[in-house]
Each structure stands twice: as structure tokens, then as C-alpha cells.
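Computed from heavy atoms alone, side chains included, the values below leave out hydrogens, waters and symmetry copies.
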Amino acid sequence: MPGLLVPSKIYGILAAGKPTIYVGPSVGEVVDIVTIGGCGVAVNNGDVSSLVEAIESYQRDTVKRHAHGEAARALYEERFTKTRAMRQFTDLIPSLQPVGSSAE
């Protein structure tokens, strides 16, 4: 269900400062998070050779692994903390009132 659901595990992975190897559809929010955020690799469903390459790449390239982990934590701090989510939610509430109604 691309565009409707985001696997919630991604936020814990980002918070832990770990690089992500995402296996799934080639479009969606998680793909954008890991590729644009520079914190992981996206692999299409069924692409075993790319999955193996991603795992082996992280295994042999400590610098890349640490850089993607640091990028993950930085992205989490920038976009996905609970404080930020609550601020966005509370900022949205006033716009949910019908036009012409008054708050009680």
C-alpha cells in the first residue's frame, strides 16, 4: 500500500543510528527516506543479488556503514522525533475546525 502506510520500524532504525537495507517496492516513503536521506539502500522485492551486495558492502565498508548510521540518526533528529511529530499535530488542529465555527 505505497503512499498509505509506512513500516514503523524505520523510525526505530533511524533513532538507533543504524543504516537500513530496505527490501520492498521501489516507490514509497521508506525508499525516499533511505535514498534521499543517505542512510541506507533500497532493494526491490526478489532482487537477491542486490540484497547480497548491499549486505556485503556494509560488511566490508566500515566507513560507509558508519556514515549511513550517522545520517540515519541526524535525519531522525531533523524530521521524526516525538516532539516534532506532536508539534506538527498540534499545528494542524486549528485547520480542522469548520470555517465559520467558533472554538469553545
The remaining residues in the hydrophobic cluster of Val52, counting side-chain heavy-atom contacts under 4.5 Å among Ile, Leu, Val, Met, Phe, Trp and Tyr, are Val48
Those residues at least two apart in sequence (or on a different chain) that pass side chain to side chain donor-acceptor pair (under 3.5 Å) with Tyr58 are His68
Is it the case that one hydrophobic cluster holds both Phe80 and Tyr22, taking links as side-chain heavy atoms less than 4.5 Å apart, direct or via other members? yes
The reported gap from CG in Leu51 to CD in Glu56 (rounded to nearest 0.5 angstrom) is 10.0 Å
Taken in chain and number order and not counting sequence neighbours, the residues that satisfy side chain to side chain donor-acceptor pair (under 3.5 Å) with Glu70 are none
For residues 30-47, tabulate all N or O donor-acceptor pairs below 3.5 Å that involve a side-chain atom, not counting sequence neighbours.
| residue | atom | partner | partner atom | Å |
| --- | --- | --- | --- | --- |
| Thr35 | OG1 | Val31 | O | 2.6 |
| Asp47 | OD1 | Ser49 | OG | 3.3 |
| Asp47 | OD1 | Ser50 | N | 3.1 |
| Asp47 | OD1 | Ser50 | OG | 3.1 |
| Asp47 | OD2 | Ser50 | OG | 2.7 |

Hits for side chain to side chain donor-acceptor pair (under 3.5 Å) against Arg87, two or more places apart or cross-chain, chain-then-number order -> none
Shortest non-hydrogen pair, Tyr76 vs Tyr11, comes out as CD1-O, 3.8 Å
Closest non-hydrogen atoms of Arg65 and Gln59, given as atom of the first, atom of the second and distance, are NH1-O, 3.5 Å
Residue pairs passing the salt bridge (charged side-chain N to carboxylate O under 4.0 Å, His left out) test with at least one member in residues 77-86, sequence neighbours excluded, are Arg73-Glu77
